[in-house]
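Numbered from 1 within each chain, the chains take letters A, B, ... in sequence-line order.
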Number of protein chains: 2
Amino acid sequence: MAKAPTVYDVAERAGVSIASVSRVLRSPDSVKEQTRERVLEAVRHLGYVPSANARGLAARRTNVIGLFFPGHDDVAGSEGQLVAASGGVTTVRDDPTTEPETNNFYFDEVLRGAEIEAWRRGFALMVAAGRGASREAIVNDIAGRVDGLAVLARTVPDELLTHVARRIPVVVLAATRGTDEFDHVSVNNAPGMRAMTEHVLGAGARRLLYIAGPEDSPDDAERLQGFRAAVDGVAGVTVELIRGDFSRARGREIALGIDPLPDAIVCSNDQTALGVLDAMGRRSIGVPDDVMVTGFDGITAGRHSSPRLTTVHQPMVELGRAAIQALTARLDDPSMDARSLVLPVQVVLRESCP
Amino acid sequence: MAKAPTVYDVAERAGVSIASVSRVLRSPDSVKEQTRERVLEAVRHLGYVPSANARGLAARRTNVIGLFFPGHDDVAGSEGQLVAASGGVTTVRDDPTTEPETNNFYFDEVLRGAEIEAWRRGFALMVAAGRGASREAIVNDIAGRVDGLAVLARTVPDELLTHVARRIPVVVLAATRGTDEFDHVSVNNAPGMRAMTEHVLGAGARRLLYIAGPEDSPDDAERLQGFRAAVDGVAGVTVELIRGDFSRARGREIALGIDPLPDAIVCSNDQTALGVLDAMGRRSIGVPDDVMVTGFDGITAGRHSSPRLTTVHQPMVELGRAAIQALTARLDDPSMDARSLVLPVQVVLRESCP
DNA sequence: CCCACAACTGTATGCGCTTACAGTTTGCAA
DNA sequence: TTGCAAACTGTAAGCGCATACAGTTGTGGG
């Protein structure tokens with residue numbers, strides 16, 4: 001890495017001007033074959049890789065899209081420096097009760113979708129996760145690096161977004177549009193939960209427990225609304241609501257303490273529902289015979305639990321893709337009206353509430 | 001987004017030179033308080049976000065690190081354009097046998113680790129996944145955008161890496177060092193599998209089935225080597241080897257056809273082992289009583305299977321972090337000798353092979 | 001009140017590329 | 001041959017910022 005070669009080096013070796021080098025790389029057909037060959041030879045010989053910075057500066061676009069989501073704030077143990085010492089094998093017996101939980105499946109999938117769509121459209125993808133206080137700096141930083149930014153709802157104050165949006169288009173994920181000026185992409189939370197709940201009622205459940213997520217989640221709020229719409233006014237239905245935090249551990253904890261048992265436990269996400277299943281297993285309570293359980297999200301783990309989890313599947317990969325599409329659409333036509341795209345969901349019936 | 005403001009705009013509004021604007025942003029202390037305030041006011045007022053391209057060009061570094069890994073090549077259904085129509089809820093009954101599998105947990109974790117460490121060290125993270133043929137173009141593209149590149153083993157031809165490495169440092173993940181000049185970060189595959197296998201033997205198993213991964217996986221090769229080291233020369237042990245592909249589906253398929261049953265099935269990754277557990281469940285064969293099952297990776301799903309999966313846990317998040325650390329170390333001192341870091345693994349005993 | 005020096009600010013240059021425009025070559029009809 | 005359009009190539013001007021260096025202002029000592 002003595003000194004990265006530049007267009008000038010390539011041009012010199014190929015005996016052409018830097019404009020020709022640039023042309024060979026950008027629009028090969030506009031250059032005579034013979035010249036092109038000489039340039040490409042020089043590129044290979046010198047190990048030339050064009051600087052995206054210079055390119056971006058000259059072309060006034062980076063061809064990068066940013067994705068910002070709430071982060072694993074500061075992960076335990078992430079402080080340390082890794083020792084350089086190599087190898088080692090230890091053995092532990094894993095007690096089911098010790099459980100460092102990571103439940104970012106949701107973001108992983110969104111990210112996957114975004115990654116796919118971004119590259120398909122010729123954009124690179126930059127990811128950033130929100131660390132509490134430094135969030136503002138990070139968002140600003142990333143905003144300077146990209147042509148467009150997709151942000152997960154509620155992770156960034158509107159004021160910051162507005163600031164950033166003066167420079168690049170911003171699309172907000174997983175929140176329906178309020179009064180802001182951004183494009184939005186979300187899923188059909190309320191109708192999905194409503195349909196799920198109606199299925200539960202249809203299966204004969206009358207005494208329902210609803211385990212909600214954190215109060216500041218707009219997704220959760222919409223799901224709760226859908227749940228209420230389903231139960232409201234239905235004769236003979238009683239409802240209890242407990243607030244969880246979307247985690248498996250909390251779901252389990254709540255379910256371990258439930259007494260008497262309701263007919264059905266409707267959870268506002270899958271992780272919570274899986275925790276409930278764990279608890280029922282431990283309490284030797286039959287699902288769905290003694291109590292039905294449902295989730296929301298459609299994470300892979302729900303297909304492999306026992307019993308398998310009935311849930312509302314939301315298209316997470318599609319969500320990521322849609323975000324990129326919304327962004328590129330706006331880049332193509334900045335004057336477009338702000339749009340709000342709501343993706344369909346699917347009630348998936350499995351054994352936990354057949 | 002009429003026209004993004006630049007340093008010049010900010011300087012003009014604040015009544016200072018562009019150098020002062022730059023200073024306020026880069027080293028605030030070198031500017032008189034009063035001036036600083038004026039500049040910051042202008043920044044806020046104009047919605048100024050500095051261009052990372054210009055900054056990178058001038059400073060000769062991007063402060064971005066790239067992560068390249070094998071991709072979900074072309075995902076089914078990813079061709080379509082999303083309809084702009086909103087909403088919708090459908091219901092399906094999910095048959096356990098239909099199963100679109102996504103098993104990138106591994107990469108998700110590595111990515112998480114890399115993301116954390118990169119931002120901690122003041123770098124942004126750019127991710128790219130390998131699409132078959134366009135791989136070369138993608139790697140070249142991303143190489144022009146970053147200060148350093150982490151690449152998952154075997155996903156990129158050495159020749160390409162060498163080309164790229166002339167411009168920026170490259171670290172290869174999950175493969176021990178061969179004769180190349182790159183830094184490497186990997187995990188202790190062979191000793192880990194050896195220890196796992198010895199545990200299996202210690203539990204009394206004598207007829208073993210080993211389900212390997214794809215032939216081109218260096219990780220898999222090392223694990224197999226560890227397995228062989230453990231069984232070699234142990235009296236009375238018989239071994240059969242079947243090659244899988246690291247997928248859950250393939251693991252299940254293989255396990256459904258096994259007859260007669262061995263004492264233990266040692267799998268070279270968790271997904272495969274989970275597939276084996278699925279199959280045993282369906283065949284009503286008791287695990288670990290009738291057959292023991294072990295995996296390798298330590299993915300979350302293994303903690304929630306039934307029975308819970310005994311496995312060798314590899315520190316995937318740490319792997320990602322270590323990659324970034326290796327990269328930044330080399331950026332700090334490019335003349336350093338190529339290093340190879342091997343991370344420790346942990347045999348985790350759970351019910352599938354206690 | 002002057003001067004040396006510190007603290008601060010401005011000027012000017014270049015980072016590596018794209019691209020409008022001007023200049024040169026080529027092919028071919030006249 | 002000559003002339004001219006088409007095809008190609010070169011020249012030069014930025015893109016928005018960082019920073020070396022020069023210039024300006026402010027401070028305290030003499």
Identify whether any heavy atom of [X] sits under 4.0 Å from a base atom; if not, whether one sits that close to sugar-phosphate; answer base, sugar-phosphate or nothing.
| X | answer |
| --- | --- |
| A:Ser22 | base |
| B:Arg23 | base |
| A:Val21 | nothing |

Rounded to whole angstroms, how far apart are [atom1] on [X] and [atom2] on [N]?
| X | N | atom1 | atom2 | result |
| --- | --- | --- | --- | --- |
| A:Tyr48 | C:dG16 | OH | P | 10 Å |
| B:Gln34 | C:dC8 | CD | P | 12 Å |
| A:Ile18 | D:dC8 | CD1 | C1' | 17 Å |
| A:Arg61 | D:dG16 | CZ | P | 15 Å |
| B:Leu25 | D:dG16 | CG | P | 16 Å |
| A:Arg55 | D:dC17 | CZ | C1' | 20 Å |
| A:Asp29 | D:dT9 | CG | P | 12 Å |

Look at [X] and [N] and indicate whether a side-chain polar atom (N or O) is within less than 4.0 Å of OP1 or OP2.
| X | N | result |
| --- | --- | --- |
| B:Ser30 | C:dA7 | no |
| B:Thr6 | D:dC15 | no |
| A:Ser20 | D:dG10 | yes |

Q. Can you tell me if CG on A:Asp337 sees more than 12 non-hydrogen neighbours from other groups inside 6.0 Å?
A.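 Counting other residues, nucleotides and ligands, CG of A:Asp337 stays at 12 neighbours or fewer.
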
Q | Side chains of B:Met126 and B:Ile142 in contact at under 4.5 Å (non-hydrogen atoms) | A |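 In contact.
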
Counting side-chain heavy atoms from CB outward, which of [options] is closest to [X]?
| X | options | answer |
| --- | --- | --- |
| B:Lys32 | C:dC8, D:dA12, C:dG10 | C:dC8 |
| B:Val31 | D:dG10, C:dT9, D:dG16 | C:dT9 |
| B:Ser51 | D:dA18, C:dC17, D:dG16 | D:dG16 |
| A:Arg26 | C:dC17, D:dC17, C:dT18 | C:dT18 |

Q. DNA chain D: B:Asn53 or B:Ala19, which has the more 5' nearest nucleotide?
A.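 Here B:Asn53 is the residue nearer the 5' end.
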
Q. Starting at the 5' end of DNA chain D and moving along, which residue's nearest nucleotide shows up first, A:Ser17 or A:Leu57?
A.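 Here A:Ser17 is the residue nearer the 5' end.
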
Q.
Between B:His184 and B:Arg339, do the side chains contain a donor N or O and an acceptor N or O under 3.5 Å apart?
A.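 The answer is no; no qualifying pair exists.
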
Q. Does B:Tyr8 make a side-chain donor-acceptor contact with the base of D:dC15, cut-off 3.5 Å?
A.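 Side chain to base: no pair present.
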
(Q) I'd like to know if B:Arg60 reaches the base of C:dG16 with its side chain, counting only an N/O donor and acceptor under 3.5 Å. (A)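 Counting by modelled atom types and ignoring angles, no donor-acceptor contact under 3.5 Å is found here.
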
Q. Only one of A:Ser30, A:Ser22, A:Pro28 forms a side-chain contact (heavy atoms from CB on, under 4.5 Å) with A:Arg26, so which one is it?
A.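 Considering A:Ser30, A:Ser22, A:Pro28, a side-chain contact (heavy atoms from CB on, under 4.5 Å) with A:Arg26 is found only for A:Ser22.
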
Q. When rounded to the nearest 0.5 angstrom, what distance separates CG in B:Asp158 from CD in B:Glu181?
A.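 It is 8.5 Å, given to the nearest 0.5 Å.
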
Q | Heavy-atom pair with the smallest gap, counting every atom of A:Ala52 and B:Asn53 | A |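 Smallest interatomic distance, heavy atoms only, reads O-OD1, 3.9 Å.
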
